[in-house]
Amino acid sequence: MTTRLAVIGAGPGGYVAAFHAADAGMQVTLIDADPNPGGVCTFRGCIPSKALLHAARVLDEARHAEAFGVSFGKPSIDVDKLRAWKDAVVKKQTGGLGLLARARKVKFIQGRASFVDARTLSVETSAGEQKVEADAIIIATGSRPTTVPNVSIESPKVLDSTTALELPDVPSRLLVVGGGYIGLELGTVYAALGSKVTVVEMTDGLLPGADRDLAAVVAKRMESCAEAILLETKVTSVRDDKKGLSVAFEGKNAPGGSQVFDRVLVAVGRRPNSNIAGLDRTKVKVNQRGFIEVDAQRRTAEPSIFAIGDVAGDPMLAHKASHEARVAVEAIHGKPSVFEPRAIPAVVFTDPELAWTGLTETDAKRQNIPVEIAKYPWAASGRATTLDRPDGMTKLVIDPETERILGVGIVGVGAGELISEGTLAIEMGALASDLKLTIHPHPTLSETVMEAADVFYGESAHVYKPKKSKI
Ligand code: FAD
């Protein structure tokens, strides 16, 4: 068959590209190994993890309510029902995407694609091989979990993010290898369900990449619900024996001798799926880290082939993939679109949530960019007090000369819902005074963004700073 556009991979990069292209009038074929569009994000990532995190949050909030006199008693958790609900959420989302593909007349082929040449794909389906010829091809094959030698051993007790989301059971002792966002989100789920969770992280802090003052708020809470957090420590080996998984550690906080866990979750990062059969028959270039090299339009070194999403570079986030999809499709359509966001938000859905967008304070220091920082502690927020969650902070990274907002970081409950105001401010070139002078509804957590801008001007009503004596 011949098509105007073939898209390999139907995650938030691939299916968004296919849908935009179909809406623009192109004939589109979308290929994925899964039975419906959705990709890692919807089948094995963002969506199932957030469904389980919602359950974790309900459990934690119910426990927390005792602080203000509301008790529900000991929760009873039906793991089979929880798993079935999570699966139903995934089915609803992916089924809906399947319907949307059909409504747009996108031809969806379930199978694995490989390259015959720069314009021809071979798709291995359950009914045999199918050839697809296309004027343009978008590679949106995503990424897969990184494995660690001697740790990711062949054992059903050793999990990666995919198998951990299947929720096989609630282990009494779980070791999470990796203190990044996937490890902490899944660790949060299992801890809420009753597992004793230990997190081991090679670097000196959780959530490497986030500003330390913001990550510290999450770390403090994690410390209170985890059995142990072992920083500057790594796992050297995992052995499956009758008692469970025997784990040996080395490093600053390594426990003496080996420790036994019921399950080990390896969450140390993700690798791009650029190892597509036949890709070497094209001019597409793959860099040393395994990412496909693309230009500002997401075009590869082979003019008819584009690459978007996790396979095309960091940050490996669903919304970055979807935005690139828009750019690539517009480029194929002959428009002068380029991928040049000023800010890509990132959210860690732990409790509390941590979100940032634009320039972080850490990156400003690393790149010698002069910035002024304004912080508003949530202990001063009326809304945070009513929620009994003063453990939060809103932080603005501001250009001292122009007073432009360069970055925003928020830690606290619901930070993920609040960060978009920051992204909009950065994209619109807003000044700190724009945030200060925008009336925010009271009492809401969104006021902390306005109040952080007030702090920048030394005008916050709720943060008192004695004036320096002028004498
Ligand atoms: P993917 O979603 O990875 O989809 C690629 C698809 O291509 C897959 O379906 C795969 O089967 C298919 N494929 C690969 N090779 C072939 C081939 N040769 N032929 C046919 N099909 C092929 N991101 C966020 O923004 N927010 C979150 O909250 C979030 N949470 C996450 C939680 C977890 C546990 C994980 C693992 C990831 C999470 N992510 C999150 C990351 C997010 O899932 C990815 O950034 C996003 O899915 C990338 O989209 P993509 O379109 O590049 O590819």
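When a residue number appears, it is its place in the shown sequence, counting from 1.
Between Asp391 and Lys220, none of the side-chain N atoms (NZ, or NE/NH1/NH2) sits under 4.0 Å from a carboxylate O, so this pair counts as no salt bridge. The residues Asp351 and Arg57 are annotated as not salt-bridged, no charged nitrogen and carboxylate oxygen being separated by less than 4.0 angstrom. The pair Arg342-Glu427 does not meet the salt-bridge criterion, since no charged nitrogen lies less than 4.0 angstrom from a carboxylate oxygen. A salt bridge links Glu232 to Lys252: at least one charged side-chain nitrogen sits closer than 4.0 Å to a carboxylate oxygen. Using a 4.0 Å cut-off between charged side-chain N and carboxylate O, Lys50 and Glu185 make a salt bridge. In this structure, Asp169 pairs ionically with Arg263, as a charged nitrogen and a carboxylate oxygen lie closer than 4.0 Å.
Taking the six-membered ring where the residue is Trp, His54 and Trp85 present tilted rings, their angle falling between 30° and 60°.
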Can you list the steps and then say if Thr42 with Thr94 is a side-chain hydrogen bond (donor to acceptor under 3.5 Å, both in side chains)?
CA-CA 7 Å; Thr42 322; Thr94 53; over 6 Å; no
With salt bridge (Lys or Arg N to Asp or Glu O under 4.0 Å) as the test, would you mind laying out the steps for Asp213 and Lys375 before giving the verdict?
CA-CA 10 Å; Asp213 51 351; Lys375 293 184 193 176; 2.9 Å; yes
Run His20 and Glu330 through side-chain hydrogen bond (donor to acceptor under 3.5 Å, both in side chains) and show every step you take.
CA-CA 9 Å; His20 275 315; Glu330 287 177 357; over 6 Å; no
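Put simply, the side chain of Ile405 reaches to within 4.5 Å of the side chain of Leu396, judged on heavy atoms. Trp378 is not listed as a side-chain neighbour of Arg383, based on a closest heavy-atom distance of 4.5 Å or more. You'll find the side chain of Ile276 reaches within 4.5 Å of the side chain of Thr141, heavy atoms only. Under the 4.5 Å side-chain criterion, counting only non-hydrogen atoms from C-beta, Phe43 is not in contact with Leu165. Put simply, the side chain of Glu403 reaches to within 4.5 Å of the side chain of Tyr457, judged on heavy atoms. Side-chain contact between Thr300 and Phe306 is absent, with no heavy-atom pair separated by less than 4.5 Å. The shortest distance between side-chain heavy atoms of Leu174 and Glu227 does not fall below 4.5 Å. Residues Glu166 and Arg83 have side chains not in contact (no heavy-atom distance under 4.5 Å, counting atoms from C-beta outward).
Taking CG of Asp363 as the start and CH2 of Trp356 as the end, the distance is 10.0 Å to the nearest 0.5 Å. Of the inter-residue distances, the one linking Asp262 atom CG with Leu175 atom CG reads 11.0 Å to the nearest 0.5 angstrom. Here the SG atom belonging to Cys46 is positioned 8.5 Å from the CZ atom belonging to Phe349, to the nearest 0.5 angstrom. Note that the NZ atom of Lys86 and the CG atom of Leu53 stand 12.5 Å from one another [nearest 0.5 Å]. For the atom pair CD1 of Ile344 and CD1 of Ile426, the computed distance is 11.0 Å after rounding to the nearest 0.5 Å. Ile137 CD1 to Ile8 CD1: the interatomic distance, rounded to the nearest 0.5 Å, is 6.0 Å.
In terms of heavy atoms, Glu66 sits closest to Ser71 at CG-OG, 3.5 Å. Of all non-hydrogen atoms in Ser195 and Pro171, the two that sit nearest each other are OG-O, 2.6 Å. Between Gly38 and Tyr15, the closest heavy-atom pair is N-CD2, 4.1 Å. In this structure, Leu230 and Asn253 approach most closely via the heavy-atom pair CD2-O, 3.6 Å. Listed here is the closest heavy atom pair of Gly313 and Phe291: N-CD2, 3.2 Å.
Side-chain contact annotation: Ser381 with Thr448, donor-acceptor N/O pair under 3.5 Å absent. Looking only at atom types and distance, the side chain of Asp310 has a donor-acceptor partner in the side chain of Ser143 under 3.5 Å away. With 3.5 Å as the limit, one finds no donor-acceptor pair spanning the side chains of Asn150 and Ser237. Checked by atom type, the side-chain pair Ser460/Glu451 shows a donor-acceptor distance below 3.5 Å. Neither side chain, Ser224 nor Arg221, offers a donor N or O lying under 3.5 Å from an acceptor on the other.
Among Lys365, Lys395, Arg366, the single residue meeting the salt bridge (charged side-chain N to carboxylate O under 4.0 Å, His left out) criterion with Asp211 is Lys395.
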